[in-house]
There are 2 protein chains.
Amino acid sequence: MDIREIAKLARVSTATVSRVLNSVPTVNPKLAKRVLDAAALRGYVPNTQARALVSGKSRTFGLVVSEITNPFFPQIVETFGNLAVANGYEMLLASTGNDLKRMELAVRRMIERRVDGVAILTFGMEDSLLADLRVRKVPLVGVVVGPTVPGVTNIRIDYRHGIRQAVQHLAALRHQRIAFITGPLRLMSAMARKTAFEESMREIGLYAPPELLVEGDHTVEGGVAALGRLVRLAERPTAILCSNDMTAIGVIREAYELQINVPNQLSVVGFDDIHLAQFITPPLTTVQMSQSELATLAFQALLAARERPAQTRQSNECVLVTSLVLRKSTALVLGAQPIPRPPDFIS
Amino acid sequence: MDIREIAKLARVSTATVSRVLNSVPTVNPKLAKRVLDAAALRGYVPNTQARALVSGKSRTFGLVVSEITNPFFPQIVETFGNLAVANGYEMLLASTGNDLKRMELAVRRMIERRVDGVAILTFGMEDSLLADLRVRKVPLVGVVVGPTVPGVTNIRIDYRHGIRQAVQHLAALRHQRIAFITGPLRLMSAMARKTAFEESMREIGLYAPPELLVEGDHTVEGGVAALGRLVRLAERPTAILCSNDMTAIGVIREAYELQINVPNQLSVVGFDDIHLAQFITPPLTTVQMSQSELATLAFQALLAARERPAQTRQSNECVLVTSLVLRKSTALVLGAQPIPRPPDFIS
DNA sequence: AAATGTCTTGTAAACGTTTACCCGTCTGGT
DNA sequence: ACCAGACGGGTAAACGTTTACAAGACATTT
């Protein structure tokens with residue numbers, strides 16, 4: 001049931017069969033019909049591997065994410081996958097945790113499979129990985145936080161804007177003691193968010209004392225634990241900004257357990273805007289980072305790189321902006337204590 | 001940078017290079033070293049496509065799910081993916097909705113890519129699809145609800161057990177007016193769950209009047225809407241069994257909105273036991289269907305089929321059992337009205 | 001010492017396509 | 001009637017591997 005068999009059956013050459021299967025317009029309709037009939041009769045299924053071998057293009061993209069299990073990512077996979085089928089591509093997926101070794105392995109194996117490009121949409125230690133991999137000819141797109149790495153398409157996420165909005169929103173509600181639950185700090189993106197938070201606080205004339213910066217792990221459990229610690233403080237925060245929505249869900253959950261009313265006794269802001277965020281109680285005010293936009297950006301970049309490889313050499317850069325979406329998990333603060341300004345406070 | 005170049009560089013034949021790359025033990029260590037050095041020097045990356053072409057095995061499995069966006073599935077993808085890398089396989093993923101056409105397309109394209117097997121882990125109209133596809137030589141595993149389809153590995157899910165436990169649990173809490181929110185009824189699996197519910201009710205001497213059987217769509221929004229309808233009934237249910245957890249989350253959400261206390265005024269039971277179920281408020285009592293077990297079952301079946309294709313011909317069958325996990329979303333009913341038994345009530 | 005066997009390496013075919021190139025036929029212009 | 005050109009179709013090489021088979025080197029047996 002290969003092309004040769006069809007050729008024999010239709011009494012033409014393999015070249016002709018190939019041509020009609022690829023709808024080259026110059027072939028005699030009579031022959032074409034014979035070929036098509038033969039193919040249908042035998043249930044012919046083209047072998048993409050062979051095709052890829054000679055053409056050098058596999059029509060496959062690799063997508064590596066850190067935790068498919070974190071609700072942030074499925075939406076990305078969905079969008080990326082839909083774009084893939086729409087454009088006649090297949091999607092090879094790997095979920096590698098934030099483990100650099102596993103990412104490297106995944107990407108390497110994708111390259112061995114001769115994918116036409118790979119997108120690393122991950123919140124891990126991406127930069128060195130990207131730098132390492134750029135050597136290969138495979139188009140690569142990744143989200144980066146450090147310096148732009150040459151030879152790959154860098155997607156940069158502007159955490160700053162959304163976080164600044166969140167902080168301003170909280171300040172407008174008269175919050176001053178604002179806590180921040182970070183992601184795992186070994187991840188550069190987690191550091192970046194933390195930095196963005198600190199800078200936004202400073203900008204607005206607020207101070208974030210170290211005991212209000214607690215490290216989480218991007219999971220619901222982490223949020224639960226973090227609130228547990230925050231609540232033991234002599235002076236509790238009146239608002240908490242979480243570095244992802246899962247953490248916020250954990251905080252809200254634990255607040256309920258501890259009989260702390262959200263938003264009246266405690267304001268909570270998330271980050272990511274996963275679909276579920278609007279359905280928890282209270283609906284979560286959160287910083288939106290559009291998953292579908294991110295996926296689309298990555299896919300387009302890959303597609304573009306494949307069409308004209310020349311372009312790929314110079315790394316181009318695109319940025320995804322974040323912004324605050326207001327829901328019901330924040331409220332005006334009730335009689336919070338003003339805190340003394342730290343010595344290094346800048347007007 | 002293909003095998004021939006390495007061969008030239010190491011002054012051996014391509015056959016030898018291939019042998020050392022596949023660690024055939026009989027080759028002279030001296031030569032092996034030369035080859036390995038040459039490969040390292042040139043940064044040789046094997047071409048899996050070519051390898052697959054001659055060996056006929058691509059070391060790739062396809063996984064098709066219905067909605068990667070439904071939290072039930074990411075866990076499946078995770079487990080399946082981990083098993084894949086652990087066994088040296090790659091995973092091609094497709095998320096096709098419950099659209100038969102898209103599923104067919106996805107599977108067809110996977111077959112064109114010469115995957116070694118495909119798992120259809122989906123809650124859609126699977127049976128006809130599986131039957132159609134069985135013609136190809138590709139090992140296929142799918143979850144089925146109708147008659148067992150020959151030539152493929154059927155994973156059958158025993159909805160009955162878990163649902164019966166749920167109904168019994170509710171009955172023990174003195175609930176009699178128990179509503180059931182189904183999935184989209186065009187899906188056979190949704191029908192199966194509904195049937196399991198009705199039978200369990202009957203078994204235990206309870207009646208499920210039609211107005212308490214409302215059709216949902218497996219989403220949070222669907223749960224919200226369904227509770228909206230249920231609440232407008234003259235006689236409200238005291239308990240609701242949902243055919244998936246997302247629906248239950250919607251119900252709980254809307255109950256909060258309507259100031260209905262869960263579990264005291266309304267007991268809610270979910271289905272699936274997604275990870276999040278334990279973190280909503282109140283923690284959700286739900287029927288567990290182990291995602292990782294399902295994924296493992298599917299993967300093992302595929303692997304087994306690949307090892308000895310003879311086995312594949314006769315379709316083997318395996319079943320996944322469900323069972324109730326108790327948390328906090330159910331409680332004793334407070335003064336509910338007994339309802340008259342229907343005429344067709346048996347014993 | 002010749003014959004046999006074992007062990008390692010090389011040669012070349014094969015996997016299923018695409019495609020550059022060539023060849024034959026037909027059209028139309030002179 | 002002859003030739004140029006256009007056009008449709010066939011031949012075969014190529015893609016990068018694996019592997020059956022052959023061949024050569026060397027050890028062992030008679």
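Just so we're on the same page: letters track the sequence lines, and every chain starts at 1.
- Distance, A/Arg34 CZ to D/dG10 C1': 14 Å, rounded to whole Å.
- Put simply, the side chain of B/Arg114 and the base of C/dG16 share no donor and acceptor less than 3.5 Å apart.
- Residue A/Arg113 contributes atom CZ, which lies 14 Å from atom P of D/dT17 at whole-angstrom precision.
- Using a 4.0 Å cut-off, some side-chain N or O of B/Asn22 falls inside it from OP1 or OP2 of D/dT18.
- One interatomic measurement links the two molecules: CG of B/Leu53 to P of C/dA14, which rounds to 14 Å at whole-angstrom precision.
- A straight line from CD of A/Glu112 to P of D/dT17 spans 10 Å, rounded to a whole angstrom.
- Look at A/Glu90 and B/Arg109 and you find a salt bridge, because one of the NZ, NE, NH1 or NH2 atoms lies within 4.0 Å of a carboxylate O, short of that distance.
- Here B/Thr48 lies out of heavy-atom contact (under 4.0 Å) with every strand.
- For the pair A/Met1 CE and C/dT17 C1', the interatomic distance rounds to 15 Å; values are reported in whole Å.
- Protein atom NZ of B/Lys33 is 20 Å distant from nucleotide atom C1' of C/dT8, rounded to whole Å.
- Between A/Glu104 and A/Arg108, no side-chain nitrogen of the basic residue sits less than 4.0 Å from a carboxylate oxygen of the acidic one, so the salt-bridge criterion is not met.
- Following rounding to the nearest Å, B/Asn47 (CG) and C/dT17 (P) show an atom-to-atom distance of 17 Å.
- Considering only side-chain atoms of A/Thr16, the nucleotide from D/dG16, D/dG9, C/dT17 that sits closest is D/dG9.
- Of the residues near DNA chain D, A/Thr26 and A/Ala15, the one whose nearest nucleotide (by heavy atom distance) lies more toward the 5' end is A/Thr26.
- Among D/dG10, D/dT18, C/dT17, the nucleotide with an atom closest to any side-chain atom of A/Ala50 is C/dT17.
- Comparing atom distances between the B/Ile3 side chain and each of C/dT9, D/dT17, C/dG16 picks out D/dT17 as nearest.
- Distances from the side chain of B/Arg4 to the nucleotides D/dG16, D/dG10, C/dT17 place D/dG16 closest.
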ring-ring contact (aromatic ring centres under 6.0 Å, His included) between A/Phe73 and A/Phe123, worked out: CA-CA 11 Å; A/Phe73 290 103; A/Phe123 295 142; 5.5 Å; yes
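- Along DNA chain C, the nucleotide closest to B/Asn28 and the one closest to A/Arg19 are compared, and the more 5′ of them pairs with B/Asn28.
- Listed nucleotides C/dT17, D/dG9, D/dT17 differ in distance to A/Arg51; the shortest reach to its side chain belongs to C/dT17.
- Considering only side-chain atoms of A/Val54, the nucleotide from C/dT17, D/dG16, C/dT11 that sits closest is C/dT17.
- Checked against D/dT17, C/dT18, C/dG10, the side chain of B/Asp2 finds its nearest nucleotide in D/dT17.
- Classification of B/Asp116 and B/Lys57 as a salt-bridged pair fails, no side-chain N sitting under 4.0 Å from a carboxylate O.
- Exactly one residue among A/Asn87, A/Asn82, A/Leu294, A/Val141 makes a side-chain contact (heavy atoms from CB on, under 4.5 Å) with A/Phe299. That residue is A/Asn87.
- When the P atom of C/dT19 is taken as reference, atom NZ of A/Lys57 falls 12 Å away, rounded to whole Å.
- Between A/Lys101 and A/Asp99 there is no salt bridge, since none of the side-chain N atoms of the basic residue sits less than 4.0 Å from a carboxylate O of the acidic one.
- Phosphate proximity of D/dT17 to B/Ser18: absent, as no side-chain N or O sits under 4.0 Å from OP1 or OP2.
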